[in-house]
> 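Below you'll find the structure I mean.
Labels below follow one simple rule: chain letters A, B, ... track the order of the sequence lines, proteins then strands, and each chain is numbered from 1. Because the structure is predicted, anything quoted here is derived from the model rather than measured.
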There are 2 protein chains.
Amino acid sequence: MNLNDINCSEYLNDENNIFNVLSTNEKSTLLNNHILSSYKRNNIIFKEGEIPNSILLLIEGKVKILKKGIGSRSQILRMTKPIDIIGYRALLADEPYISSAVALEDTIIFAFDKNKFKELIHSNNDFATNIIKLLASELGFSNKKIVALTQKHIRGRLAETLLFLKNTYGFDEDNCTLNICLSREDLANLSNMTTSNAIRTLSTFASEDVISVKGRKIKIKNYKKLQKINDLG
Amino acid sequence: MNLNDINCSEYLNDENNIFNVLSTNEKSTLLNNHILSSYKRNNIIFKEGEIPNSILLLIEGKVKILKKGIGSRSQILRMTKPIDIIGYRALLADEPYISSAVALEDTIIFAFDKNKFKELIHSNNDFATNIIKLLASELGFSNKKIVALTQKHIRGRLAETLLFLKNTYGFDEDNCTLNICLSREDLANLSNMTTSNAIRTLSTFASEDVISVKGRKIKIKNYKKLQKINDLG
DNA sequence: AAATTTGTGTGTTTTTTAACATGAAATTAA
DNA sequence: TTAATTTCATGTTAAAAAACACACAAATTT
């Protein structure tokens, strides 16, 4: 997509967008204070410890949100797709970022001024309600993730990650290939395991005919069985 | 405390309470639709899967929020004290509870009507902003917990739990005994480990003179060392 | 007071997972 | 193209934590 072809307001009006409850006036406030940026694969969008100064709207591409842990391991906390907002938690809590955002593929992002964003929350009740619902839902996901990542075994954790990726990004036209390409390391960082174990478990799933793997393309061959592995833990 | 002696409005005005931005009128709306209940130790306040129909304000006592996992293990997600609100996440996300609340000691709770609560969020911007900040901050805690519980080793996790309990409930008058009594099982469920390992690691800490243990009373004898164990992971 | 349940402490064994090592394949850069 | 680097794959070893077993103490119930 050419950056010049992008019409920002079209995204703000999208029915899946939390901004769609804003009035025309309020939307122009945002549009008059926005920056459009593009990122190549593996580019860092923001980093743990930095102070947020804008709210980001992902227009095109995919972005992972990750948090550095002990040693060299990271935990991927969130996987985003258009038209998700990014970086809002730290901003709303008045804290520095506690996680980093990295582009997984070529990505286009709108950045809106953080103060204008906060003013809108304060002046538009429907908008505030949207944000509250988004945060409450994210907190639910996070709490469920705590239990899944700490209590499930490796197979269950990887199965959960594959099902999560299906729910988030869906399938290709063939209706079984995950519509996202991740390195084995990213799969490991989603599933709380080492890269070796992600590779090994992926191979095992393939040998059991649950999935098939060709490079970074993953086909889910037996959805029911994958769900069963997920449920068993 | 005698239930009849309790003056609800006094709690709503407390400076640490998110309700304190409400007008006198708005507060009376809540006060006219509240139920006062008391719970004995180990009583269940609400259960995973139930539909929330009120927002709870903890007036006296301590309450743990926990989520059942695989097998018989639970994860304690939150430890509350007066004057925290409880059960607001599920309510605000329009979902059933994904966790249960259990009284850790004799507890007194106000329950306010959930619709009145939601209406106030929608009509009072400052109140909505308070809720947003609370949710954003909780989400940050939850994300940090994911990394700590999955990546730290047993000693680091238990040290973190002890420091967390100190930050939440503080010390007794002696300035070193944790002002909360938990079973070894609860300590384990906070720290993502088995009860055996909580007992064992607690004994090790005691033998290293980091803490001392007398029944359920835990004294922190060497705070610096405990922090070091926490930092090392 | 006796019986029962619940909670605590400790040792042993087994399972799971991480760490390490090494080589092939695939990318990327020179 | 080659060379260098990264990613992927798999086997081996080591460490961490869970599972299990059992004894005993403390609290509750009868």
Side-chain angles (χ1 to χ4, degrees), chain A residues 40-43 64 69-75 102 104-106 147-161 180-208 211-218 229 232-233, chain B residues 40-43 64 69-75 102 104-105 147-161 181-208 211-218 229 232-233:
Chain A
K40 293 261 159 219
R41 194 156 84 89
N42 292 327
N43 275 184
K64 62 179 171 183
I70 315 296
S72 57
R73 284 178 68 185
S74 294
Q75 175 66 44
V102 177
L104 287 164
E105 39 187 77
D106 294 357
V147 175
L149 289 179
T150 56
Q151 300 201 10
K152 282 186 172 180
H153 286 178
I154 282 208
R155 286 169 59 87
R157 299 205 300 272
L158 186 62
E160 176 151 332
T161 291
I180 181 163
C181 290
L182 291 175
S183 67
R184 306 296 195 264
E185 188 181 6
D186 279 339
L187 286 172
N189 290 344
L190 274 164
S191 317
N192 180 34
M193 62 185 67
T194 55
T195 306
S196 299
N197 277 328
I199 292 170
R200 212 185 300 268
T201 311
L202 224 45
S203 302
T204 311
F205 284 177
S207 78
E208 291 167 355
I211 62 171
S212 75
V213 183
K214 197 174 184 183
R216 292 186 178 184
K217 278 281 168 200
I218 299 175
I229 297 171
L232 280 175
Chain B
K40 292 263 159 216
R41 194 155 84 88
N42 293 328
N43 276 184
K64 62 179 170 183
I70 315 296
S72 57
R73 285 179 67 186
S74 296
Q75 175 65 45
V102 177
L104 287 164
E105 40 187 76
V147 175
L149 289 179
T150 56
Q151 300 201 9
K152 283 186 170 180
H153 285 180
I154 282 209
R155 285 169 60 88
R157 299 205 301 273
L158 186 63
E160 177 151 332
T161 291
C181 290
L182 291 175
S183 68
R184 305 297 194 260
E185 187 181 6
D186 279 339
L187 286 172
N189 290 344
L190 274 165
S191 317
N192 179 34
M193 61 185 67
T194 55
T195 306
S196 301
N197 277 329
I199 291 169
R200 214 183 298 270
T201 310
L202 224 46
S203 300
T204 312
F205 284 176
S207 77
E208 292 166 354
I211 62 171
S212 74
V213 182
K214 197 174 183 182
R216 295 187 177 183
K217 279 281 169 201
I218 299 175
I229 297 171
L232 281 176

> How long is the line joining CZ of A:R41 and C1' of D:dT6, in whole Å?
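Rounded to the whole Å, the gap is 11 Å.
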> In whole angstroms, how far is the P atom of C:dT16 from the CG atom of A:L158?
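Checked: the CG to P distance equals 16 Å.
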> Quick check: on DNA chain D, is the nucleotide nearest A:G215 upstream (toward 5') of the one nearest B:S196, or the reverse? Name the residue that is more 5'.
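Between the two, 5'-proximity favours A:G215.
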> Roughly how many Å is it from CZ in B:R184 to P in C:dT6, rounded to a whole number?
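My rounded result for the distance is 18 Å.
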> Classify the nucleic acid contact of A:R157 as base, sugar-phosphate or nothing, counting any heavy atom under 4.0 Å across all strands shown.
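Result for A:R157 = sugar-phosphate.
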> Nearest whole Å is fine: how far is C:dT27 C1' from A:R216 CZ?
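Result: 9 Å.
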> Could you state the atom-to-atom distance from CG of B:D186 to P of C:dT6 in whole Å?
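Distance, rounded to whole Å: 15 Å.
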> Enumerate the residues from residues 198-205 of chain A whose closest heavy atom to DNA chain D is under 4.0 Å, giving them by residue number; use none for an empty result.
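Contacts with DNA chain D under 4.0 Å: A:I199, A:R200, A:S203.
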> Rounded to whole angstroms, how far apart are NE2 on A:H153 and P on C:dA18?
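In whole Å, C:dA18 P and A:H153 NE2 are 11 Å from each other.
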> Using the C1' atoms of five pairs at each end, what's the angle between the two axes of the helix from C:dA1-D:dT30 to C:dA30-D:dT1, to 10 degrees?
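Both end axes considered, the difference amounts to 50°.
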> Using whole Å, what does the distance between atom P of nucleotide D:dA17 and atom CG of A:N192 come to?
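Atom-to-atom, A:N192 to D:dA17, this comes out as 12 Å.
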> Could you pull out all residues at least two apart from B:A159 that satisfy side-chain contact (heavy atoms from CB on, under 4.5 Å)?
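For B:A159, the residues satisfying side-chain contact (heavy atoms from CB on, under 4.5 Å) (neighbours in sequence not counted) are B:F205, B:L226, B:I229, B:N230.
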> Could you give the CZ-to-P distance, from B:R73 to D:dC20, as a whole number of Å?
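To the nearest whole Å, that distance equals 13 Å.
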> Any heavy-atom pair between the side chains of A:K40 and A:E105 that's under 4.5 Å?
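No - every pair of side-chain heavy atoms lies 4.5 Å or more apart.
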